[in-house]
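Below is one structure, written out as structure tokens; comments come after it.
Computed from a prediction, not measured in an experiment: that's the story for all the values here. In the text below, chain A, chain B and the rest are named by the order of the sequence lines, each starting its count at 1.
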There are 2 protein chains.
Amino acid sequence: MTVTLADVAARARVSPATVSRVLNGNYPVAASTRERVLRAVDELDYVLNGPASALAAATSDLVGILVNDIADPFFGIMAGAAQSAIGDTGTGRAGGEKLAVVCNTGGSPERELTYLTLLQRQRAAAVVVTGGALEDPAHIAALTAKLAKLADAGTRVVLCGRPPMPGDAVTATLAFDNRGGGRRLTEHLLALGHRRIGYVAGPAERTTTRDRLEGHRDALAAAGLGGGGPEQDGLTAHGPYTRAAGYEATRELLARDPSLTAVVAANDTVALGACAAVREAGLRIPQDVSVAGFDDLPFSVDAVPALTTVRLPLHEAGVRAGRLAMGTDTPPPGGVETIAGELTVRASTAPPRA
Amino acid sequence: MTVTLADVAARARVSPATVSRVLNGNYPVAASTRERVLRAVDELDYVLNGPASALAAATSDLVGILVNDIADPFFGIMAGAAQSAIGDTGTGRAGGEKLAVVCNTGGSPERELTYLTLLQRQRAAAVVVTGGALEDPAHIAALTAKLAKLADAGTRVVLCGRPPMPGDAVTATLAFDNRGGGRRLTEHLLALGHRRIGYVAGPAERTTTRDRLEGHRDALAAAGLGGGGPEQDGLTAHGPYTRAAGYEATRELLARDPSLTAVVAANDTVALGACAAVREAGLRIPQDVSVAGFDDLPFSVDAVPALTTVRLPLHEAGVRAGRLAMGTDTPPPGGVETIAGELTVRASTAPPRA
DNA sequence: CTGTTAGCGCATTCAG
DNA sequence: CTGAATGCGCTAACAG
């Protein structure tokens with residue numbers, strides 16, 4: 001029923017070994033022979049048996065891309081870019097084609113580990129882990145151990161948009177400079193004259209959340225503000241990276257301190273919710289309250305008013321991660337590359353009212 | 001170096017077959033034996049060899065989910081829902097765990113076929129194809145043939161958000177009623193009193209584009225409008241499903257016919273661009289021009305003004321598709337289930353100026 | 001309920 | 001440059 005490599009060999013009047021060789025293209029084969037084999041492949045409509053091939057070769061052509069939330073364009077853009085960088089390697093024919101697949105962890109550490117195990121089970125050629133990490137020590141330990149095991153088995157491991165990890169399991173790390181970006185964003189607000197700035201942070205325990213918040217506080221401290229210490233000023237609220245969380249948190253912040261003249265959100269999605277809350281309170285953006293986000297997702301330029309934010313080169317980072325995973329790019333010295341965010345000023349921020 | 005099933009068997013003092021049985025859980029094994037095996041698995045930190053298992057069983061635990069654009073929440077939401085419906089089947093342990101992966105075709109028919117081949121090569125357990133289809137006959141034929149081959153090999157095929165296909169390869173299809181939704185949306189506009197309605201359509205040759213547009217024309221025709229025939233009225237423009245395309249097309253439509261009082265966009269993303277163009281022309285929404293979208297993506301409620309649109313139950317559809325792919329839901333009679341869209345009226349549409 | 005026996009389809013040695 | 005032989009690690013009958 002199902003045609004095998006042996007069938008192709010028979011039709012092309014060569015040995016199975018030869019067919020294998022032309023299919024994998026990593027061994028000299030006479031041009032005429034190759035022709036004949038390829039023709040037989042087409043005529044028989046033969047498709048290589050991946051599992052058999054992976055078993056014999058002890059490695060598969062699967063590449064896994066882990067994301068925290070597939071419905072979030074932040075991850076979608078990176079994953080799409082990585083996937084195309086990985087998939088576009090083939091010559092059109094199904095030759096050295098890798099199967100780049102994205103796995104959605106939903107931000108759950110257990111699912112992250114589960115997916116990694118599943119990928120390990122498949123003997124994946126590479127794994128790209130995107131997005132911020134949970135800071136829980138137990139999970140970090142488990143994750144480190146799992147990645148080490150993957151690396152041992154020959155799987156390349158690339159981190160994208162995530163801080164470096166201990167151990168030498170990781171092939172390359174592309175880290176976003178969230179702290180620097182957060183600092184520059186708040187410096188911008190301070191330069192405009194804002195002094196009471198609310199901060200809608202992401203979920204606690206996440207590196208992205210902490211780094212951006214620290215950047216914010218760095219700027220505040222450098223300006224001689226931020227007295228009272230972290231969290232105690234009542235100007236910070238935590239919540240998930242969702243529009244709804246941004247809305248709720250901003251409502252609360254506004255209620256707590258009506259003198260707020262600016263709100264910085266953990267990312268653009270959260271900023272959208274913040275905008276809704278500000279507007280609902282009868283305040284205008286940016287005349288009464290400035291609002292800023294982070295990431296510069298595609299919709300941010302269309303927000304009304306257009307969102308001031310920190311642009312992260314998500315597409316470029318994804319492409320680079322994909323290449324690193326393929327082994328076509330060489331890892332940066334030290335294995336870690338830090339990617340800066342670019343302050344992008346638009347209409348949602350302006351000087352506070354006099 | 002790498003621990004195999006035989007190692008586990010030796011440590012647990014049972015035969016390899018028994019180990020296989022407790023791991024797959026689809027065969028009676030004495031509780032005490034199972035205990036012993038599981039302990040050995042943990043102690044040895046054993047991970048099943050997927051390829052070997054797939055080779056022997058002639059089927060893998062891979063499930064592919066194809067999407068047109070992974071950076072688009074429309075697909076992200078469906079894919080995420082399907083993936084969780086598929087992944088949440090396990091008991092926590094890595095038992096009958098399926099590996100649900102999403103593949104980004106970028107809307108390219110070649111990549112769609114390539115991914116399907118790759119999935120076929122992996123002997124995927126199931127494939128979920130989401131989103132509208134290209135109407136090119138050659139591609140439809142190729143796709144039909146490929147799906148038939150997958151089905152022959154035992155792969156379950158589910159279509160989600162895509163019209164039914166010829167042949168009996170498809171296990172189940174969940175089709176969105178794009179035509180009905182499009183009709184209701186335009187009926188809403190007509191009821192408000194609009195008569196000159198621009199339509200920013202998606203790319204030609206796509207089922208989603210055509211169905212929504214036909215719905216629009218159905219409504220127009222029922223109201224005795226639409227004279228001059230399709231495309232000839234100068235009120236329709238085509239473009240990709242992007243914000244930029246919506247912006248460009250709307251600018252052109254507005255230039256072509258300044259008497260327009262409403263613009264219907266192919267989807268919410270396009271509607272966002274349309275809003276920008278309307279606003280840039282110095283017109284107010286909805287006082288001067290009403291704007292409507294389709295899909296009801298999360299950001300649509302946050303648009304200013306909030307977008308009138310047709311709500312599609314993307315999450316629910318994704319979950320159902322996932323279950324169908326797993327074989328835990330039974331296919332609808334006839335194999336086809338049509339999912340209706342719900343007209344969702346918000347602030348972006350209002351009666352035209354007198 | 002458990003052990004034994006055969007392959008699954010392919011990539012590699014190793015010869016020629 | 002090509003063919004023959006071996007085994008990758010596991011599941012699936014088949015017996016017990």
Notebook entry, point to check: Please give, in whole Å, the distance from C/dG9 P to A/L55 CG?
Noted result: 12 Å
Margin query: Do B/S15 and B/T18 pair up side chain to side chain, a donor and an acceptor below 3.5 Å, judged on atom types alone?
Written below: yes
Note to self: Counting only heavy atoms from other residues, nucleotides and ligands, does the tally under 6.0 Å from CG of A/D168 exceed 12?
What the structure shows: no
Check: Can you check whether A/L66's main-chain N or O pairs, donor with acceptor, with A/T130's side chain at less than 3.5 Å?
Finding: yes
Could I get a table of every N or O pair under 3.5 Å where one atom is in the protein and the other is in nucleotides 2-6 of chain C?
residue, atom, partner, partner atom, Å
C/dT2, OP1, B/T33, OG1, 2.3
C/dT2, OP2, B/A30, N, 2.8
C/dG3, OP2, B/S15, N, 3.0
C/dG3, OP2, B/S15, OG, 3.3
C/dG3, OP2, B/T18, OG1, 2.8
C/dG3, N7, B/R21, NH2, 2.7
C/dG3, O6, B/R21, NH1, 3.3
C/dG3, O6, B/R21, NH2, 3.4

Margin query: Measuring from atom CG of B/D152 to atom OG1 of A/T2, what distance do you get when rounded to the nearest 0.5 angstrom?
Written below: 10.0 Å
Item checked: Phosphate-side-chain proximity, B/S20 and D/dT11, N/O vs OP1/OP2 below 4.0 Å -> yes
Notebook entry, point to check: What is the distance from CG of B/N49 to P of D/dC8, rounded to the nearest Å?
Noted result: 11 Å
Margin query: Nearest whole Å is fine: how far is C/dT12 P from A/N24 CG?
Written below: 7 Å
Checklist line | Minimum-distance nucleotide to B/L48 side chain [options: C/dT12, D/dG9, D/dT11] | finding: D/dT11
Margin query: Tell me the interatomic distance from B/E35, atom CD, to C/dC1, atom P, rounded to whole angstroms.
Written below: 15 Å
Checklist line | Rounded interatomic separation in angstrom, taking CG from B/L5 and P from D/dA12 | finding: 12 Å
Note to self: Below the 4.0 Å mark, does D/dG9 have OP1 or OP2 next to a side-chain nitrogen or oxygen of B/S53?
What the structure shows: no
Next item on the list: Could you tell me whether a side-chain N or O of B/D72 sits under 3.5 Å from a main-chain N or O of B/F74, the two making a donor and an acceptor?
Entry: yes
Notebook entry, point to check: For the pair made of CG in A/D61 and P in C/dA11, what is the distance, rounded to whole Å?
Noted result: 11 Å
Item checked: For atom CZ of B/R123 and atom C1' of D/dT11, their distance in whole Å -> 16 Å
Check: If you measure only the distance, is there a donor-acceptor pair under 3.5 Å linking the side chains of A/T105 and A/S108?
Finding: no
Item checked: A/R162: partners by salt bridge (Lys or Arg N to Asp or Glu O under 4.0 Å), with sequence neighbours left out -> A/E112
Notebook entry, point to check: Between A/L23 (CG) and C/dT12 (P), how many Å, whole number?
Noted result: 13 Å
